[in-house]
J.: 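Mind having a look at this structure? Questions to follow.
Numbering starts at 1 and runs along the sequence shown.
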Amino acid sequence: MKTSYVFLAPGFEEIEAVAPIDIMRRAGMPVTTVAIDPSRTTVVGAHGVPYIADMTIAQLPANVDAEWLILPGGMPGATNLAECQPLVEILKNFPGNIAAICASPAVVLAQAGLLDGKKATCYPGMEGYGPWCSKVSFTGSHVERDGRFVTGQGPAWAVAFGGAIVEISLGSEVAEKVLDGMLVPSACRR
């Protein structure tokens, strides 16, 4: 299986990165964290927690070949992701699965035009972040799937968001086994 890349920007919502990474790794999926700063791997989250990414965006191969590209939310994390032109170009040219949670569906994916005509969800209130959001059908669901895109509402749904990613890649049995092992209540899985 190809690796999945989780992009970390200063001010990212920590749980929205760590929960999906943990769930994917429990399922046996390779995950690589990528700092969007091309010169340093340490990234400080929205709540002051420093993380050391596996690599910087400058170290990514020219043609990214991955299982998933994943964007945690948080502010100003999502804004920092959206302002990272190398990342935006990678997203626009990537033909595979993309997942974003919290502010990132509206601030990053919608702004890049990737969710035009799609159903998505995001942190409540971010649906009107910019005029580009009017081209997206924001549903208010906890987790939304539309084609190759998975979007999540926010921190409380980071586990369900990670579970959806695993389910799409490895099937519902694997996802359920991982979530059962974590004692995740069924009401918190969708």
Side-chain angles (χ1 to χ4, degrees), residues 1-25 29-115 118 120-123 126 129 132 143-144 148-155 157-159 161-162 164-166 168-169:
M1 173 173 281
K2 300 173 190 173
T3 194
S4 294
Y5 293 104
V6 178
F7 293 90
L8 304 179
F12 73 96
E13 179 65 50
E14 293 94 340
I15 195 168
E16 294 170 356
V18 174
I21 291 167
D22 179 87
I23 291 164
M24 293 167 70
R25 287 186 176 164
M29 295 176 68
V31 181
T32 301
T33 54
V34 182
I36 66 162
D37 183 327
S39 63
R40 57 186 300 186
T41 56
T42 300
V43 185
V44 178
H47 301 98
V49 181
Y51 288 84
I52 299 173
D54 298 313
M55 67 187 329
T56 68
I57 197 163
Q59 296 170 308
L60 274 176
N63 294 317
V64 175
D65 187 23
E67 181 78 13
W68 288 89
L69 302 182
I70 302 169
L71 308 174
M75 291 299 263
T79 303
N80 289 331
L81 290 173
E83 291 174 354
C84 178
Q85 285 309 304
L87 173 59
V88 173
E89 288 307 310
I90 289 167
L91 292 167
K92 286 182 175 181
N93 292 310
F94 185 68
N97 296 321
I98 298 175
I101 187 168
C102 193
S104 286
V107 176
V108 184
L109 298 184
Q111 186 170 341
L114 293 169
L115 294 179
K118 303 273 185 206
T121 194
C122 65
Y123 192 84
M126 296 304 293
Y129 181 77
W132 48 82
V143 176
E144 189 64 65
R148 66 190 184 100
F149 295 95
V150 171
T151 52
Q153 195 174 49
W157 297 100
V159 170
F161 175 73
I165 292 168
V166 169
I168 290 168
S169 290

J.: Just wondering, do Thr41 and Met55 contact through their side chains at under 4.5 Å, heavy atoms?
T.: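 They are not in side-chain contact.
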J.: Would you name the heavy atoms of Ala110 and Leu115 that are closest together and state the gap between them?
T.: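 Shortest heavy-atom separation between Ala110 and Leu115 comes out as N-CD1, 4.1 Å.
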J.: Ile70 and Ser4: which non-hydrogen atoms are nearest, and at how many Å?
T.: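 Looking at all heavy atoms of both residues, the shortest contact is CD1-CB, 4.5 Å.
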J.: Got a donor-acceptor contact below 3.5 angstrom from the Asn80 side chain to the Pro10 backbone?
T.: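 Such a contact is found between Asn80 side chain and Pro10 backbone.
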J.: Is there a side-chain contact between Cys122 and Gln153 in this structure, where contact means two heavy atoms from C-beta onward sitting under 4.5 Å apart?
T.: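 No - every pair of side-chain heavy atoms lies 4.5 Å or more apart.
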J.: How long is the span from the CE atom in Met29 to the CD1 atom in Ile21, to the nearest 0.5 Å?
T.: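 So the CE of Met29 and the CD1 of Ile21 are separated by 12.0 Å.
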J.: State the CH2-CE distance between Trp68 and Met24, to the nearest 0.5 angstrom.
T.: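 If we round to the nearest 0.5 Å, Trp68:CH2 and Met24:CE are 8.0 Å apart.
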J.: Got Phe161 and Glu16 here, is their nearest side-chain heavy-atom distance under 4.5 Å?
T.: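 Answer no - side chains too far apart.
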J.: Side-chain contact test, heavy atoms from C-beta onward, threshold under 4.5 Å: evaluate it for Leu87 versus Leu71 and give yes or no.
T.: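 With C-beta onward as the side chain, the pair touches.
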J.: Where do Thr56 and Pro38 come nearest, in terms of heavy atoms and distance?
T.: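 Looking at all heavy atoms of both residues, the shortest contact is OG1-O, 3.4 Å.
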J.: Might you point out which heavy atoms bring Tyr123 and Ala103 nearest each other, and give the distance in Å?
T.: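 Reported closest heavy-atom pair: CB-N, 4.2 Å.
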J.: Does the side chain of Val150 come within less than 4.5 Å of Glu144's, by heavy atoms?
T.: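 No, every pair of side-chain atoms sits at 4.5 Å or beyond.
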J.: Let's go through Leu60 and Phe7 carefully: what are the C-alpha distance in whole Å and the side-chain angles of both, what is the deciding distance for side chain to side chain contact (heavy atoms under 4.5 Å, CB included) to 0.1 Å, and is it a yes or a no?
T.: CA-CA 11 Å; Leu60 274 176; Phe7 293 90; 3.7 Å; yes
J.: Determine whether more than 12 heavy atoms belonging to other residues, nucleotides or ligands lie under 6.0 Å from atom OH of Tyr5.
T.: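 Atom OH in Tyr5 is crowded, with more than 12 foreign heavy atoms closer than 6.0 Å.
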J.: Using modelled atom types and a 3.5 Å cut-off, is there a donor and acceptor pairing between side-chain atoms of Thr151 and backbone atoms of Thr121?
T.: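 Yes, Thr151 side chain to Thr121 backbone: donor-acceptor pair under 3.5 Å.
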J.: With side chain to side chain contact (heavy atoms under 4.5 Å, CB included) as the test, would you mind laying out the steps for Val6 and Val34 before giving the verdict?
T.: CA-CA 6 Å; Val6 178; Val34 182; over 6 Å; no
J.: Within the side chain of Arg25, is there an N or O that forms a donor-acceptor pair under 3.5 Å with the backbone of Pro30?
T.: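 No, the answer is negative, given that no donor and acceptor are paired below the 3.5 Å cut-off.
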J.: Nearest 0.5 Å, please: how far is CG in Asp65 from NZ in Lys2?
T.: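 Result: 4.0 Å between the selected atoms.
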J.: Using side-chain heavy atoms (C-beta onward) and a distance below 4.5 Å, is Glu67 in contact with Thr3?
T.: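 Result no, sub-4.5 Å side-chain heavy-atom pair not found.
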J.: Quick one, Val43 and Asp37 - any side-chain contact, counting heavy atoms below 4.5 Å?
T.: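 Heavy-atom side-chain distance check fails, nothing below 4.5 Å.
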J.: Do other residues, nucleotides or ligands put more than 12 heavy atoms under 6.0 Å from Asn93 CG?
T.: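 Atom CG in Asn93 is packed in, count exceeds 12.
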J.: Report yes if the distance between the aromatic ring centroids of Phe12 and Tyr51 is under 6.0 Å, otherwise no.
T.: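 Yes: the rings meet the under 6.0 Å criterion.
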J.: Taking atom CG as the centre, does Leu69 end up with more than 12 heavy-atom neighbours from other residues, nucleotides or ligands that are less than 6.0 angstrom away?
T.: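 Correct, the count exceeds 12.
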J.: Of the non-hydrogen atoms in Pro72 and Glu13, which two are nearest, and what is the gap between them?
T.: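 The answer is CB-O, 4.2 Å.
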J.: In Å and rounded to the nearest 0.5 Å, what is the CG to CD distance from Leu81 to Gln111?
T.: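 Those atoms lie 11.0 Å apart.
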J.: Heavy atoms only: give me the nearest Thr33-Ile52 pair and the separation to one decimal.
T.: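 Taking Thr33 first and Ile52 second, the nearest heavy atoms are OG1-O, 4.3 Å.
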